[in-house]
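Every value quoted in this text rests on a predicted model; they were computed, and no experiment measured them.
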Amino acid sequence: EGAGALKGGKGALEELHSAWLQVQQWVVAKDQKLETQAKHALVLSAHERRHGRPGAAMAELLRIAKTKEGPPSKKVIAEIRSVCKQMGWAHLDEYYDEVTFKLFP
């Protein structure tokens with residue numbers, strides 16, 4: 001096997017293309033449906049929180065929550081509240097508790 005060849009006989013470019021196709025299933029464009037963006041935000045939030053970056057998790061969740069396409073889902077609000085609790089932001093947790101009752105009576 002020559003230079004640039006990887007395990008299984010794949011060349012570096014083939015491996016890169018394969019990895020790129022796998023990444024594309026998780027990349028969400030801004031013009032995709034809100035539901036798809038919300039799913040991506042929830043996965044990204046969980047990843048960021050597990051790596052000790054709750055602020056990055058919150059930023060992604062708030063981007064979805066503040067969209068003009070409609071109210072955020074109950075799951076997104078629950079995740080926002082969870083991040084608020086993790087960061088010790090009781091005031092913001094209380095605010096989103098009220099938002100939950102207003103949107104989902």
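The nearest pair of heavy atoms linking Phe104 to Lys74 is CZ-N, 3.5 Å. Between Tyr96 and Leu62, the shortest heavy-atom contact is OH-CD2, 3.3 Å. The two residues Val76 and Leu61 have their closest heavy-atom pair at CG1-O, 4.2 Å. Across all their heavy atoms, Ala41 and Ile64 have their closest contact at CB-CG1, 3.5 Å.
Ile80 contributes atom CD1, which lies 11.0 Å from atom CD of Glu60 (distance to the nearest 0.5 angstrom). Taking OG1 of Thr100 as the reference point, atom CZ of Arg81 lies at 5.5 Å (rounded to 0.5 Å). Between atom CZ of residue Arg63 and atom CG of residue Leu44 there is a gap of 9.0 Å, rounded to the nearest 0.5 Å. Taking OG of Ser45 as the reference point, atom CE of Met58 lies at 8.0 Å (rounded to 0.5 Å).
In this structure, the side chain of His51 engages the main chain of His47 through a donor-acceptor pair within 3.5 Å.
No more than 12 heavy-atom neighbours from other residues, nucleotides or ligands sit within 6.0 angstrom of CD on Glu35.
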Worked verdict on Glu79 versus Arg49 for side-chain contact (heavy atoms from CB on, under 4.5 Å): CA-CA 11 Å; Glu79 183 70 8; Arg49 289 178 66 198; 3.1 Å; yes
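Between Lys33 and Thr36 the shortest side-chain heavy-atom distance falls below 4.5 Å.
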